[in-house]
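The model shown is predicted, which means the values in this text are computed figures rather than measured ones. Computed from heavy atoms alone, side chains included, the values below leave out hydrogens, waters and symmetry copies. Every chain is numbered from 1, with letters handed out A, B, ... down the list of sequences.
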Amino acid sequence: MAKKMERKLDENNVEATFDLDEIFGRRVPNRPALRQAIGQEILDVIERRTAEGKSRFGRNFRKYSKEYTQSLDFKAFGKSQGDINLRLTGQMMGTMDIVRDDRSSVTIGWNDPKENPKAYNHITGDTVKKRDFFGLNGTELRELKAEFKDAFEEDTPAISELLEIIRG
Amino acid sequence: MRLKKTLLLYPNYWRSFVANIDVKVKGINSLELTLTRTVNRVIKSDHTLAKVGLEAKDAVIGELKRGFTMARGQREKLKSLKPSTIANRQRMSKFNSTSNVYSARRSNVSLTGQYLDSFKTKVNKSLGTVFVFPDGSRRPYTTSANGNKSKNPPSNKELEKFLRKAGRPTVGGLSDRVTRRLKNVVLRDLRRKLKKAF
């Protein structure tokens, strides 16, 4: 059985692919614009949850090290110990994007080669404390399905309209 | 409705639409960010422009505090301080409250932090433009233990010009990486608008 979400974690390539047919439980129509909207919702969910300081599974992120909180970078970007949101310059979260899509899937990740290792380190805890923010959990996938389930039905009137236009 | 109909009739329209998103960067003594006319027509939102301006302002200030400027279109280290300047900064730090990123030897245009704290953004919705610039007046420095103050402190705009002439430009450009991030801010808002159409 295909997975709803599959992550690829490599230091130089971090991405997550969402199988829309599996998520919505049906063959989804081929609508590039709809996939962009779904992809954006996925990005927004991840960003919102990360901004609240929570991991993919809803646990609070581990605290910053004392060394880090005393660093110039930390002070320069106005952070505080309570701000555990994986945002320093904003470059990593701000460039997380839809990297590709096809009829039945949307893949998110980074096109910037500098951001992949950063994301990899946070997700796996390779060189920093592990703070896995990347992807959606089961509840979030169900909410995504609920959010867009009517978007497929709404195509139908527009298709009728299209037929009328074609027929003149 | 028109956007949705167009996108359903012409699926490839979305691709050309995305390619037209651009955040043009220019400026000398301020940073001017402009969205393309196509995007501005669809966005019609000073909220998006305000977000772009805020992200740009935070990026400019954060990098300056770290000792880097993007004023010339790429991230570069600010010119080092002369020994006399370092000595003067050490002296002034005894009589003035210093910024949390102050260090006598660090070239990051931060002694008291007034200059960087003065940065503002201003949105012009009709032009699709947002400006980022230093503004306002400055508090005089205390120059001695007696409490003497510096006379006629320059405005922050005047200080910007002075810094630029001294080879430490602070505002007027962004690195490519930050510009790409700002383009993403706009792209994301366009997608959210799309979601509402569905």
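- Within 6.0 Å of NZ in B:Lys51 there are more than 12 heavy atoms belonging to other residues, nucleotides or ligands.
- Here CD1 of A:Ile98 is found 7.5 Å from CG of B:Leu187. Values are rounded to the nearest 0.5 Å.
- A salt bridge is defined here as a Lys NZ or Arg NE, NH1 or NH2 lying under 4.0 Å from an Asp or Glu carboxylate O, and B:Arg188 with A:Glu47 meets this definition.
- Annotation: residues 127-152 of chain B contacts chain A through no residue [non-hydrogen atoms, separation under 4.5 Å].
- Between B:Arg191 and A:Asp97 there is a salt bridge, since a side-chain N of the basic residue sits under 4.0 Å from a carboxylate O of the acidic one.
- B:Lys122 NZ: 12 or fewer foreign heavy atoms inside a 6.0 Å radius.
- In this structure, no portion of B:Val185 lies under 4.5 Å from any heavy atom of chain A.
- In this structure, B:Arg106 and A:Leu72 have side chains that are in contact, with non-hydrogen atoms separated by less than 4.5 Å.
- Crowding of A:Lys114 atom NZ: a count of heavy atoms from other residues, nucleotides or ligands under 6.0 Å not exceeding 12.
- Environment of CZ in A:Arg27: sparse, with no more than 12 heavy atoms of neighbouring residues, nucleotides or ligands closer than 6.0 Å.
- The distance from the CZ atom of B:Arg192 to the CG atom of A:Asp44 is 4.0 Å, given to the nearest 0.5 Å.
- For chain B, the nearby part of A:Met93 is the backbone; its heavy atoms alone come within less than 4.5 Å.
- Interatomic distance, CD of A:Gln91 versus OG of B:Ser175, reported as 6.5 Å (0.5 Å rounding).
- Scanning residues 60-76 of chain B against chain A with a 4.5 Å non-hydrogen threshold yields B:Gly62, B:Glu63, B:Lys65, B:Arg66, sorted by number.
- Residue A:Asp112 holds its CG atom at 4.5 Å from CZ of B:Arg177, rounded to the nearest 0.5 Å.
- For the atom pair CE of A:Met92 and CZ of B:Arg181, the computed distance is 12.0 Å after rounding to the nearest 0.5 Å.
- Most heavy-atom pairs under 4.5 Å with chain B, from the set A:Leu88, A:Leu43, A:Thr89, A:Asn111: that is A:Thr89.
- In this structure, chain B has no heavy atom under 4.5 Å from any part of A:Ile38.
- Atom CZ of A:Arg103 has more than 12 heavy atoms from other residues, nucleotides or ligands within 6.0 Å.
- Other residues, nucleotides and ligands place more than 12 heavy atoms under 6.0 Å from the NZ atom of A:Lys79.
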